Amino acid sequence: MSRYNHREVEPKWRAAWDAGGIHRALSPDQAKGKPKAYVLEMFPYPSGRIHVGHSRNYTMGDVIARFRRANGYNVLHPMGWDAFGLPAENAAMERGIHPKGWTYDNIAAMREQLKLLGLAIDWSREIATCDASYYKHQQAMFLAFWKKGLVYRRKQKVNWDPVDMTVLANEQVVDGKGWRSGAPVETRELEQWMFKVTAYGDDLLEELQRLDKWPDKVRLMQSNWIGKSQGAKIWWDIASAPDFLPSSPTGQPNHARDPIEVYTTRPDTLFGASFLALAPDHPLTKAIAAHRPDVAAFVAECAALGTSEADIEKAEKKGIDLGIRVKHPFDPNWELPVWAANFVLSTYGTGAIFGSPAGDQRDLDFANKYGLPFKPVVLPPGADPATYAVTDTAYTDDGTIYNSRFLDGLSTKDAITRAIEELVKLGAGEATTQYRLRDWGVSRQRYWGCPIPAIHCETCGVVPVPAKDLPVALPEDVKFDKPGNPLEHHPTWKHTTCPNCNGKATRETDTLDTFVDSSWYFARFTDAQNPDAPFDKKLASYWLPVDQYVGGIEHAVLHLLYSRFFTRAMRDCGFLDLPSGEPFASLFTQGMVVHETYKSATGQWLLPEDTEIKDGARVELRTGRPVEVGAIEKMSKSKKNVVDLDAFITDFGADVARWFVLSDSPPERDVEWTAGGVEGAWRFVQRVWALVEAHGAPAPKPGEAPPPGMEGEAHALRQLAHRSVKHITDAIEGFRFNSAVARCYELVNAIAKLKGDAPTAVFARGEALRLLTQLIAPFMPHLAEECWEKLGFAPFVATAGWPEADPALAALSSVTLPIQVNGKRRGEIEVAKGAAEGEVKALALAHPGVAPFLAAGEVRKVIVVPDRIVNIVVG
RNA sequence: GCGAGCGUGGCGAAACCGGUAGACGCAGCGGACUUAAAAUCCGUUCGCCGCAAGGCGGUGCGGGUUCAACUCCCGCCGCUCGCACCA
């Protein structure tokens, strides 16, 4: 008996697959009616080398891709590189390497590593977003979007990262700090290129409902991000204001003595209004602050609080009376005070609210703190209006309106409609829909990105680059000796002539946010080598949407929302025929690979391979000194809790890595990489090979009739094998890879247990081994091919199709029914599957183990759940 | 603070629709083979009582619904993730 040698076997089969071209997607014509399956993992950023933690995502996608192909689908399973981005520039600055060289070197290294994993990828479609052959088309689409009105420029307050010298999206600001640099973000005004995501706000929200193969969690997060709400704008006239406040020269709202514009979702509670509150950075607050040191101090205090939600959350609700009085829209004699308050956000709605304390907890806390009077206006169902009162808990749900003049007696819903009607009649307000979603600022003041194809002409203004001049290629001879954008400093690149008037002009030096690159790559894969267009419309329409997308939860909002926007924009600009506009029909968000962390006695992080267990304690290999074992965390270079993929594959093989990352935990949950777990996977590989080798060829072909006398243990093995086919098929369909793995172990245990060389045993073993080989093929493709060959089959298990369970064998002929008395298990009986209820009942009542418990009383009821359980109720 | 999710042996977990709780793996224990070790194989492993047959208890805690609850409902406790005091 020889050991299974992955070092020979794995490269052999990879070469054979490549030679056979079996992983190439077929054209729609070649596919001839086969259904299509587009399986995609979120493409990697080429950061350097990959470790085993990265492999889980690709392995999951690969299992699905191989499974679909075996089931007769025309599968597209491509791979590419999200290759623009800041780390390349950082490497350039730190080590004096060119971003391009650094990126392409990393791509070459990572490509080889991914190939070692034996992924069933159509490498003929490989793309890199930093390649002019890719971003050329992105520039063309940018121009098309521009023409369509989906791109515009706007002077905007932006988050400026002073370290990276770039603009950050709101989404890229974490706790007031840049998400990459960690530096506190500053505010600057810049002319920015914008994508009009809000044009699709409603559609992006509505269609979420139909994405029923997305995790609810992700849909909820996107829905919250879009943040649609229905409400009203209300204009409050100034009744009195400090003398220093000038009258407005502009007539714009929210300035000086113009009416104050407020947004509310609850106009029904207007008669419960107690005060107005403005954001600390509301223009009116600032105007007052210019004259009142106490207000200025309050504004400064709020600004120092930071933008972190946790900070604001823990902060006490505070405000200051601005000395302005406004008139209630429904009663000119009713005056309300105007305050500035730290819980009002300038970035949402109009930056001003009216406080209705009985119906809003924050307003109530605020009113209580400053002694502002209020009364309840919404009566909860069943409450008595004579005695109902609100003291320190607001009532925020629907009810009946009272204390509210013409709104009295209406429901919350009707009162909202009625109040808006009245506001419109009085010219004091209007219905409005508010979104939290804002347009996407795509300008980045960076070198290593896709140049924005625009030209600034002194006479013609901003002019698009003509299509014939694309791509606008990045110059390669740049220097990183100063902070900021090297494109600005380049001696010649930005100087050009205007395509309109031929006059002197300069190129746009902003490049596109890298989220743009990843917003359409899935479409490029459908026609990756097309030199003339982003993709052929027919090909993209054939393959899209992606049938199964696999990636991390961290992309729940940004990447997935931008891709949904982009697909709609591509559709509306005529690039795509895709009615729904949805790029990803089904989404799976996978858990990470985690590992213990190790610290040396001197406090340095240690690689797992630099430590060992000695006398039950972990020590440093080099010094023998004890190691501090830290938290189990996501594998990361910085904490050194990584296992190198190449070394692991050399030691154990790709199949062991693939098997292990899917085996122990449900795919959506994190899995801990442990030496013990790896050993288990390794043993399994050896065990399967030993069984296959011992059996050898030939194994029974599909459908081959068994020898006579098939019964007993051999028959039982056949039953289990066919049941396993069913179970494992269902488990893969349902993304329960860990369950599929467990079923494989079960089957192997059973095969090993059936001894003897009677024809029936040989047949049963051979058949079970053939089925097992096919079932493990998506998980451990190299081992499966070697087994397939050993069992006498050719050419590939990968092209052999998916096994079918014989229904007669897969179905159990008899079942063991537990018998309960009053819900407690007292015995069991073996009956034919589907046995008649009366028969089962009689057997159960006659069961000797049950008898003593029946004596305790009278049998009141016997519940028979066919093929599951019998419960006898005795009382 | 709000929203979502989770909580099962020594550990990772399974139980898909309310129907035998703990499949499968890891670790442990006992044994076989071996001069020995590794590898492999066999047995065993939720707790308590019992020689055994068997019994009792058990899925974070407290209630409830049901013939039957890890699963459904109500209220707590703990952990994780997300966030926007969103008017």
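Note that the coordinates shown come from a computational prediction; the quantities given were computed from them, not determined experimentally. Naming convention: chains lettered A, B, ... in sequence-line order (proteins, then strands); numbering from 1 in each chain.
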For Asn224(A) and Arg219(A), what are the C-alpha separation, side-chain angles and deciding distance, and is it a side chain to side chain donor-acceptor pair (under 3.5 Å)? CA-CA 9 Å; Asn224(A) 289 342; Arg219(A) 290 197 285 172; over 6 Å; no
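- Atom NE2 in His282(A) sits about 18 Å away from atom P in C86(B), given to the nearest Å.
- The distance from atom CG of Leu561(A) to atom P of A84(B) is 14 Å, rounded to the nearest whole Å.
- A tilted orientation is assigned to the rings of Phe354(A) and Trp236(A), their planes being inclined by 30° to 60°.
- Side-chain atoms of Ile353(A) and Tyr263(A), non-hydrogen and from C-beta on, never get closer than 4.5 Å to each other.
- The distance between atom NZ of Lys233(A) and atom P of A87(B), rounded to the nearest whole Å, is 16 Å.
- Look at A4(B): its Watson-Crick or wobble partner, with both distances under 3.5 angstrom, is U80(B).
- Counting any heavy atom pair closer than 4.0 Å across all strands shown, Lys824(A) reaches sugar-phosphate atoms only and no base atom.
- Closest contact between the side chain of Arg687(A) and the listed nucleotides G82(B), C41(B), G25(B) involves C41(B).
- For Asn738(A), taking side-chain heavy atoms from C-beta onward, the closest of the listed nucleotides A13(B), G19(B), C16(B) is A13(B).
- Cation-pi geometry between Arg362(A) and Phe343(A) is not satisfied (NZ or CZ under 6.0 Å from the ring centre, within 45° of the ring normal).
- Which of C67(B), G43(B), A23(B) sits closest to the side chain of Lys753(A) comes down to G43(B).
- Nucleotides G43(B) and G54(B) are separated by 22 Å at their C1' atoms, to the nearest Å.
- Comparing G63(B) with U71(B), their P atoms are spaced 15 Å from each other, to the whole Å.
- Residue contacts for Arg436(A): at a heavy-atom cut-off of 4.0 Å it reaches a base atom on one of the strands shown.
- Nucleotide C77(B) carries an anti base; the chi torsion (O4'-C1'-N9-C4 or O4'-C1'-N1-C2) is more than 90° from 0.
- Residue contacts shown for Leu220(A) are limited to sugar-phosphate atoms, with no base heavy atom under 4.0 Å away.
- Considering only the side chain of Glu746(A), A23(B) comes nearest among A14(B), U40(B), A23(B).
- Ring geometry for Trp673(A) against Phe648(A) counts as perpendicular: the plane angle is over 60°, on a 0 to 90° scale with 30° as the lower cut.
- Between Asp664(A) and Val741(A), it is Asp664(A) whose nearest contact on RNA chain B lies nearer the 5' terminus.
- Note on ring orientation: taking the six-membered ring where Trp is involved, the planes of Phe735(A) and Phe588(A) are parallel (angle under 30°, cut-offs 30° and 60°).
- Gln820(A) comes within contact range of at least one nucleobase, with a heavy-atom separation under 4.0 Å.
- Backbone-only engagement by Arg669(A) is indicated by non-hydrogen atom pairs under 4.0 Å involving sugar-phosphate atoms exclusively.
- Mapping Tyr263(A) and Ser663(A) onto RNA chain B by nearest heavy atom places Ser663(A) closer to the 5' end of the strand.
- Closest to the side chain of Arg362(A), from the set C24(B), C67(B), C85(B), is C85(B).
- Minimum atom distance to the side chain of Asn871(A) is reached by A68(B), of the listed G57(B), C81(B), A68(B).
- Base orientation at G62(B) is anti, since its O4'-C1' glycosidic dihedral falls outside 90° of 0.
- Distance from the side chain of Val344(A) is smallest to A87(B) among A87(B), A14(B), U20(B).
- Atom CZ of Phe660(A) is separated from atom C1' of C11(B) by 12 Å (rounded to the nearest Å).
- In this structure, Ser356(A) reaches neither bases nor backbone, as no heavy-atom distance under 4.0 Å exists between it and the strands shown.
- With a cut-off of 3.5 Å on both Watson-Crick or G-U wobble distances, the partner of C41(B) is given as G31(B).
- Residue contacts for Asp730(A): at a heavy-atom cut-off of 4.0 Å it reaches no nucleic acid atom on any strand shown.
- Between Asn749(A) and G25(B) there is a side-chain N or O to OP1 or OP2 distance below 4.0 Å.
- Under the Watson-Crick or G-U wobble criterion, with both distances below 3.5 Å, C72(B) is paired with G64(B).
- Counting non-hydrogen atoms under 4.0 angstrom, Arg825(A) reaches a base of the nucleic acid.
- Using cut-offs of 30° and 60° on the angle between ring planes, the pair Trp689(A) and Tyr4(A) is tilted.
- When ring centroids are compared, Phe275(A) and Trp339(A) stay outside the 6.0 Å threshold.
- In this structure, Arg826(A) reaches the sugar-phosphate backbone alone: every heavy-atom distance under 4.0 Å involves primed, P, OP1 or OP2 atoms, never a base.
- Rounded to an integer number of Å, the gap from Tyr745(A) OH to C26(B) P is 6 Å.
- A84(B) atom P lies 14 Å from atom CD of Gln222(A), rounded to whole Å.
- For the P atom pair drawn from A27(B) and G22(B), the interatomic distance equals 22 Å after rounding to whole Å.
- Look at A15(B): it lacks any Watson-Crick or wobble partner with both distances under 3.5 angstrom.
- Taking the P atom of each, A15(B) and A53(B) are spaced 31 Å apart, rounded to whole Å.
- Each of A13(B), A87(B), U20(B) was ranked by its minimum atom distance to the side chain of Ser665(A); first place goes to A13(B).
- Rounded to whole Å, atom P of G5(B) lies 18 Å from atom CG of Asp670(A).
- The listed nucleotides are C85(B), A14(B), A87(B); the one nearest the side chain of Phe343(A) is C85(B).
- Relative to the side chain of Ile353(A), the nucleotides A27(B), A14(B), A87(B) differ in distance, and A87(B) lies closest.
- If you check every strand for non-hydrogen atoms under 4.0 Å, Asp363(A) touches nothing.
- The separation between Met221(A) atom CE and A4(B) atom C1' is 10 Å, rounded to whole Å.
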